[in-house]
Amino acid sequence: MHVAPVGGTAVQDHVALAEIELCGELIIAASAADEDRLSLESIDEVLRVAEERGGDAPAR
């Protein structure tokens, strides 16, 4: 747990904020999907997994 310094300045945890943003993107994609569940490929697309690996996601 990180406590904000005295004086009211809040410290942001950039990793936690990025994770929250990705979760939000997954929720939006799931709510917009026609099927009951997102496929693994759809999840990878939302999370931009292929971009992080430097290319296309492997075929499943």
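Numbers for residues simply follow the sequence, beginning at 1.
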Does I20 share a hydrophobic cluster with L22, counting links as ILVMFWY side-chain heavy atoms below 4.5 Å and allowing steps through other members? no
Supply the atom-to-atom distance D13 CG to E19 CD, rounded to the nearest 0.5 angstrom. 8.0 Å
N/O donor to acceptor pairs below 3.5 angstrom from side-chain atoms of residues 25-32, sequence neighbours left out:
{"from": "E25", "atom 1": "OE1", "to": "R48", "atom 2": "NH1", "distance (Å)": "3.2"}
{"from": "S31", "atom 1": "OG", "to": "I27", "atom 2": "O", "distance (Å)": "3.3"}
{"from": "S31", "atom 1": "OG", "to": "I28", "atom 2": "O", "distance (Å)": "2.9"}

